[in-house]
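Residue numbers begin at 1 in each chain, while the letters A, B, ... track the order of the sequences.
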2 protein chains.
Amino acid sequence: MTEEEEFLAGYDPGAFPSVAVTVDVVALTIREGRLHVLLVERGGHPFAGWRALPGGFVQEETLDAAALRELGEETGLRPGEGELDRVHLEQLRSYGNPRRDPRMRVISVAYLAFAPRLPDPRAGTDASGAFWVPVDEAGELAFDHAAILADALDRARAKLEYTPLATAFVGEEFTIAELRAVYAAVWGEELHAGNFHRKVLSVPGFVESTGETAPRAGERGGPKPKLYRAGDARLLHPALLRPTREDGVR
Amino acid sequence: MTEEEEFLAGYDPGAFPSVAVTVDVVALTIREGRLHVLLVERGGHPFAGWRALPGGFVQEETLDAAALRELGEETGLRPGEGELDRVHLEQLRSYGNPRRDPRMRVISVAYLAFAPRLPDPRAGTDASGAFWVPVDEAGELAFDHAAILADALDRARAKLEYTPLATAFVGEEFTIAELRAVYAAVWGEELHAGNFHRKVLSVPGFVESTGETAPRAGERGGPKPKLYRAGDARLLHPALLRPTREDGVR
DNA sequence: TGAGTATTACTCGAACTGAGAACAACGTAG
DNA sequence: CTACGTTGTTCTCAGTTCGAGTAATACTCA
């Protein structure tokens, strides 16, 4: 036994202050042109009856795996069954205010999930119900979840600018107009169709043409749009700048 | 007693899986034109004798407070004593691989600290020594700290583009050339002096003139430069784009 | 069939960028 | 003290990108 092995064998984990660690997931999708977030209604205390972000305690798994597991439990989807695999998942940040949970010290690692239109969720084990809500109608949330949601929206809006994240909200094949609708929904403002078109096609690696066109035009007319799929770029250069941002944001 | 109070009174914190939570700090500063990171040499197991990021277990405090405390303990500086108050501190992300610490499940919340030139640190309680090391000479680190450092550098380099973060590396009053040296050190490439000057002054809220000039020119001549202080912008619009980034970074 | 709408392409002036030059102010080697 | 090299600052200029608007075309719906 080496000195280090000996040390580890005699190590007492209880000697350090212990806290609980949860993951909370801000899952975003777009429905009917509006950005929606997945919420659950809490069944038990604390905050019984309140809306909250889906989440739960971390088990013997990586943080990423915990987030994906929680998302699957709340939506009723399973990894390997298609839709959940196309979800883009990334860590947002951690929240550790000592009083954020009245039970005990709980540190939450928040995750951000972006998904194409998912089916309506069914209730998970830890919640009496889960549902998609437009982000501007989320209202008051349990714990500090309203602040987490606000941070998540900031992050999502910013990431649309310099990453191809928008492609995570649409299907495998999509039109430029669908992509533009994603930006409009997340940023909350319309974009100039012509300039958006030019810009998206000019950024290398953002989208690549499938060579095909959609079988049908939009609901209200117009030519059959061309189809694209996501390119291989991880960052957009140059970025798609958000319009009408005032000078010197503070 | 309300129903919720009753629930909380009978609540057993031990019922949930418990893990240890630490904060690790990636403290960056610039010395002699090179970007340095603060490292400690571990005194005890595991990884005795290895270099590591300064950090420790979270106590009854916010995560931000824990990071600031750890930074103070390793550098020997105390909050309220000037230099430590000008440090910019922000959360990087959390690392929770179940095997990242051989003792037990430890989740680490990593922080990023940017500071103007700090004095040489003196040893803290949990480390037999602390020192500034050029980031490209950090070498192998304990735990997953090398990965954390890499993520931190990515973040720092990116944030220089769209935030006034560079002002956190210089003194209260600084010259445009000092600011340019920060960008050069972090990005690892020289910038066109004239264009940088024009750009910095044109971004609203980045810097504001003090109306004064430095008492002395640089070591090797030149006119006395004008002095500036940080403006009130939190984001740079338009951003300072990093040069020579190839098309379609992937 | 006609009206309305949407995709896509094109135009034009304004703004921005990268590269370089010019100039004056300064430190230092000789 | 002088000459020279270095540096901060301002300008110029051509190429590129951006925002806003226009136009041609193709489709849906009534």
Peer 1: Going by modelled atom types, is there a donor-acceptor pair between the base of D/dG19 and the side chain of A/R198 at under 3.5 Å?
Peer 2: yes

Peer 1: Closest nucleotide of DNA chain D for A/S202 versus for A/E219: which of these residues is on the 5' side?
Peer 2: A/S202

Peer 1: Does D/dT7 have OP1 or OP2 under 4.0 Å away from a side-chain N or O of B/R220?
Peer 2: yes

Peer 1: Just how far, in rounded Å, is P of D/dG21 from CG of A/L191?
Peer 2: 15 Å

Peer 1: Is any side-chain nitrogen or oxygen of B/K226 closer than 4.0 Å to OP1 or OP2 of D/dT10?
Peer 2: yes

Peer 1: To the nearest angstrom, how far is A/L241 atom CG from C/dC16 atom C1'?
Peer 2: 11 Å

Peer 1: Could you tell me the separation between the CG atom of B/L236 and the P atom of C/dC16, rounded to a whole number of Å?
Peer 2: 14 Å

Peer 1: Strictly below 4.0 Å: does B/R216 bring a side-chain N or O up to OP1 or OP2 of C/dG27?
Peer 2: yes

Peer 1: Checking the side chain of B/H36 only, and the main-chain atoms of B/R34 only, is there a donor and an acceptor separated by less than 3.5 Å?
Peer 2: yes

Peer 1: Can A/D151 and A/Y95 be counted as having a side-chain donor-acceptor contact under 3.5 angstrom?
Peer 2: yes

Peer 1: Are A/T62 and B/N97 linked by a side-chain donor-acceptor pair shorter than 3.5 Å?
Peer 2: no

Peer 1: Can you work out whether B/P238 or B/P215 has the more 5'-proximal nearest nucleotide on DNA chain C?
Peer 2: B/P238

Peer 1: Specify the separation, in whole Å, of atom CZ of B/R180 and atom C1' of C/dG18.
Peer 2: 15 Å

Peer 1: What is the distance from CD of A/E161 to C1' of D/dT17, rounded to the nearest Å?
Peer 2: 16 Å

Peer 1: Nearest to the side chain of B/H192, which nucleotide is it out of C/dA19, D/dG8, D/dT9?
Peer 2: C/dA19

Peer 1: Want to settle it: does B/N195 or B/T175 sit nearer the 5' end of DNA chain D, counting the closest nucleotide to each?
Peer 2: B/T175

Peer 1: Going by ring pair (Phe, Tyr, Trp, His ring centres under 6.0 Å), name the residues that satisfy it together with B/Y183, two or more places apart in sequence or in a different chain.
Peer 2: B/W187, B/F196

Peer 1: Check the phosphate of C/dC16 against B/K199, side-chain N and O only, distance under 4.0 Å to OP1 or OP2. Yes or no?
Peer 2: no

Peer 1: Tell me: CG of B/L179 to C1' of D/dT7, nearest whole Å?
Peer 2: 16 Å

Peer 1: To the nearest Å, give me how far apart CZ (A/R242) and C1' (D/dC18) are.
Peer 2: 17 Å

Peer 1: Under the 3.5 angstrom rule, does the side chain of B/R86 hit a backbone N or O of B/V170 as a donor-acceptor pair?
Peer 2: yes

Peer 1: Does C/dT8 have its OP1 or OP2 closer than 4.0 Å to a side-chain nitrogen or oxygen of A/H197?
Peer 2: yes

Peer 1: When you check the phosphate oxygens OP1 and OP2 of D/dG8, does a side-chain N or O of B/K224 lie under 4.0 Å from one of them?
Peer 2: no

Peer 1: Atom CD of A/E178 to atom P of C/dA6: distance rounded to whole Å?
Peer 2: 14 Å

